[in-house]
Amino acid sequence: MNPFSSGTRLRDMIRSIRACKTAADERAVVRKECAAIRAAISENDPGYRHRNMAKLMFIHMLGYPTHFGQMECLKLIASPGFPEKRIGYLGLMLLLDERQEVLMLVTNSLKQDLNHTNQYIVGLALCALGNICSAEMARDLAPEVERLLQFRDPNVRKKAALCSVRIIKKVPDLAENFINPAAALLKEKHHGVLITGVQLCTDLCRASEDALEYFRKKCTDAVVKVLKDLVNSAYAPEYDVAGITDPFLHIRLLRFLRVLGHGDVDASDCMNDILAQVATKTESIKNAGNAILYECVETIMSIEDNSGLRVLAINILGRFLSNRDNNIRYVALNMLTRAINIDSQAVQRHRTTILECVKDSDASIRKRALELVYLLVNESNVKPLTKELIDYLEVSDHEFKGDLTTKICSIVDKFSPEKIWYIDQMMKVLCEAGNYVKDEVWHALIVVISNAVNLHGYTVRSLYKAVQASTEQETLVKVAIWCLGEYGDMLVNNVGMLDIEEPITVTESDAIDVIEMAIKHHNSDTTTRAMSLIALLKLSSRFPACSQRVKEILLQHKGSLLLELQQRAIEFNSITERHQNIRPALMERMPVLDEATYNGRKGGSLPASVSSSNGPSANLPNGVLKAAAPAPPLVDLLDLSSDDVPAPSSSGGHFLQDLLGDLSPAPPLSGSSQNQKSGTDALLDLLSIGGSSPAANTSAIPDILSLSLESKNSGTTLDGLSSVLSIPKQAPSPNGPAPIMDLLGGLSSSQPTIESNGLQFPSIVAFESSNLKMTFDFAKESANPQTTSIKATFINLSANVYTDFIFQAAVPKFLQLHLDPASSTTLPASGNGSVTQSLRVTNSQHGKKPLVMRLRIGYKVNGKDVLEEGQISNFPRNL
């Protein structure tokens, strides 16, 4: 006989395929066998049809196409004999799916077989229908399946129940037809039928609200009784698994009770006793018992409130955490994470065990346990939990340090009881895992240090000792460098000693050594080195004896290959050589940073492009503290599409960013028009020149160190800085600060007075909506007709108080705009008060182009952010 004829047995074909040494040989065997099967199909030989179908199924499992044999399945199904039908239905389930149109031809055969007198043929039809039935087949054959739920043979009833599950999933509208037959299955004694009946009832409850209500009222007690009998049943060899009678039925019943009890107090009360019995009587030595206990806990957590049961369930999860099986501990941690929102106090009792899981060797368990610990932290336990986590940070794997560090920093930031504790914990984290600390974390630390005025000395001494012990943690070095630059004199003189400290001896040269070491360290990045140059410049004014050494270090970087360092070295060297008399004023400490504003931006509660009304106090520490999201220029924010709008600089020329050019852009100053080419308005605001902001005072003058002293886009250096500022030069005042005039090319710090030139301009309603009204009053400077002073008055027209009021404006590039801070950030309701804000606009095209302005007003109403926008083009003529 030809080895590849249609008469080849399946086992012979399998041997031939296994004997193939290459994939090409296998394909050749399959091709020849498929050719033989096609020939047999064309000859319509019924004797080998079932054998050919068996071989086709094997070829299909190998991944080869077998569509040409689909019709043979239908012929076998239509055969009268059981062996042929068995192969035909098996091929039908394997070679076809519900999307095949061929299935339409088999519906009639299925209907006949479902009504067959042979129960085994009925079982075959039910199996096939339960696996591949489509929605159309489900509608056509549902009555037969419903009838078979009451068939005399338990195996047929079991298969009919599973087939019913498929039908109601395909056609939920048919669910109501199966409610009564499914409820009858709950009285079965045969466990196989009972399991499938419970599953059918569960799916019916999920598919239909009517079914759910029916089973709650009629069947809850019956299901509870079945579970109670099962728990108290004697040993039954045919159902026993690890000493437990039919754990599979246990689990199905518990899941069904979970569906019935969810959201229903009466049903939950009915099952409380049996759930407590299952939870206490089930042995947890074997995996079968653990599975039942886990489902019992799930059910207890899902039904209506019973505090005693929930404590019992959480105690079971606590026992799971002590299990040696990783899977059991993992599911326990998952469940506890959900349970903490229900009963936090009960979960807190297992805090010690959960902390041990953080140190587990399994990475997935460590991660889950860490997430749970984070949820467990509150004001009362933050200190011991943080101590445990930091202690473990010292010995944890490098792969886990990143996640652990992030969680610790978040915990410390969220629940810190006092600033000294916050600073201590953050320094411990920086010492152990500073390279894993994100930028926003150490930025926030600098803000906190700046605000903790009485801790400046303590902080700089602690950081000095820490950086002496370790220079490998880059973030630790950055924070230490910043503090040395600001509070280095307090370190040398032991200023602000606390009771818990002991004096240390640090010379001025020692402080410089630390900074110089940071510059030369091979791991230091551009940001660290740039910060070091700034710190050296500041210390040069506080340590006069070290000025020459600082100058030499700066000279070494004038030829640096890094443009950022080269630029700073040149600028700072210019200050040390040409402006000695103003250096102490320029090198003053940074003003206290606005902690509330920074936290608001970090949390997203404030617009990233708007600063606090406190003016210079919202500046960033040495230009390195960035907002949570880069702030676009205000003209981009307001989408000014006019040709007069300056395009944003591709180099990110915002001068606050220029300090450390590779950092994210800093947010603009409050209300300032963003001229990306020079940043003139913001510089004037910072130096209190050309404006009368009450928040700008002499303490803001040192903030010039937060700026790059060379505009990146204009290419203007210190010598030409006056050309950037569109302010006329004036003769030095004998009493004025001559050094500042020298630095800015003769710029006087005195401000021109605004006087009326006799021209009267009418007030206008610049903006009005249903909630807000804004009016403008105008005045002209006598010395400069191009400049217009505007007083904006805001009135709240609604019955609600507006908070967090912010006014922004943008103008085309031929205009220069300066905004003073608003008189208040709260607008009283119903016009019972107003908020005023002063603006000053300089029109370089006076007499040629009129004023135009686009505005944005933001405020909060009942905690919700509101944003209003508009454009003002109705300014009086000749402004």
Side-chain angles (χ1 to χ4, degrees), residues 382-395 405 408-409 411-413 415-434 437 441-442 444-518 521 528 531-532 535-536 538-546 549-550 589-590 592-593 621:
V382 61
K383 289 187 176 181
L385 279 178
T386 304
K387 182 181 183 303
E388 290 280 352
L389 293 176
I390 291 178
D391 290 344
Y392 177 60
L393 184 62
E394 300 176 7
V395 296
T405 301
I408 293 173
C409 293
I411 288 170
V412 172
D413 180 60
F415 297 102
S416 171
E418 51 192 358
K419 287 185 177 180
I420 187 172
W421 184 84
Y422 174 92
I423 293 171
D424 286 341
Q425 305 312 309
M426 291 304 301
M427 281 196 288
K428 290 178 183 177
V429 173
L430 292 179
C431 292
E432 295 298 334
V437 173
V441 174
W442 67 269
L445 176 58
I446 287 179
V447 175
V448 172
I449 292 172
S450 170
N451 281 267
V453 178
N454 58 332
L455 298 176
H456 287 169
Y458 169 78
T459 302
V460 72
R461 284 186 289 274
S462 300
L463 284 168
Y464 175 80
K465 290 184 283 188
V467 81
Q468 288 284 93
S470 172
T471 58
E472 298 301 320
Q473 305 296 341
E474 185 79 8
T475 304
L476 172 66
V477 174
K478 289 176 181 175
V479 178
I481 293 299
W482 188 89
C483 288
L484 283 172
E486 296 298 322
Y487 317 119
D489 52 336
M490 301 179 76
L491 169 68
V492 173
N493 299 321
N494 281 321
V495 177
M497 292 289 295
L498 302 181
D499 295 338
I500 59 176
E501 289 186 275
E502 293 183 2
I504 60 174
T505 303
V506 180
T507 64
E508 296 178 353
S509 181
D510 292 336
I512 300 295
D513 287 341
V514 171
I515 300 175
E516 186 176 14
M517 178 177 61
H521 198 276
T528 305
M531 292 176 66
S532 300
L536 285 173
K538 288 200 169 189
L539 290 182
S540 68
S541 68
R542 295 167 198 172
F543 302 157
C546 298
R549 182 181 174 187
V550 170
R589 291 195 184 103
M590 291 286 291
V592 174
L593 301 171

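Note that the numbering runs from 1 along the sequence shown for the chain. Every heavy atom of this structure was used, including side-chain atoms; hydrogens, water molecules and symmetry mates were not.
Inter-residue side-chain proximity for T507 and D510 is flagged as met; some heavy-atom pair is nearer than 4.5 Å. You'll find the side chain of D413 reaches within 4.5 Å of the side chain of Y422, heavy atoms only. The closest side-chain heavy-atom distance from L539 to C546 is not below 4.5 Å. With a 4.5 Å cut-off on side-chain heavy atoms, V448 and K419 count as touching.
Side-chain atoms of E432 never come within 3.5 Å of backbone atoms of I390 as a donor-acceptor pair (strictly under, hydrogens ignored). Side chain of R461 to backbone of E502: no donor-acceptor contact under 3.5 angstrom is found. A donor-acceptor contact shorter than 3.5 Å links the side chain of S532 to the backbone of T528.
Rounding to the nearest 0.5 Å places CG of L536 at 10.0 Å from CG of L484. Rounded to the nearest 0.5 angstrom, M490 CE and T459 OG1 are separated by 9.0 Å.
For V441 against M426, the heavy-atom pair with the smallest separation is CG1-CE, 3.3 Å. For S450 against W482, the heavy-atom pair with the smallest separation is CB-CH2, 4.4 Å.
Under a 4.0 Å N-O distance rule, the pair K428/D424 does not qualify as a salt bridge.
Between Y487 and H456, the ring planes are parallel. Angles under 30° get that label, and only those over 60° would be called perpendicular.
In the displayed structure, E418 atom CD is contacted under 6.0 Å by more than 12 heavy atoms of other residues, nucleotides or ligands.
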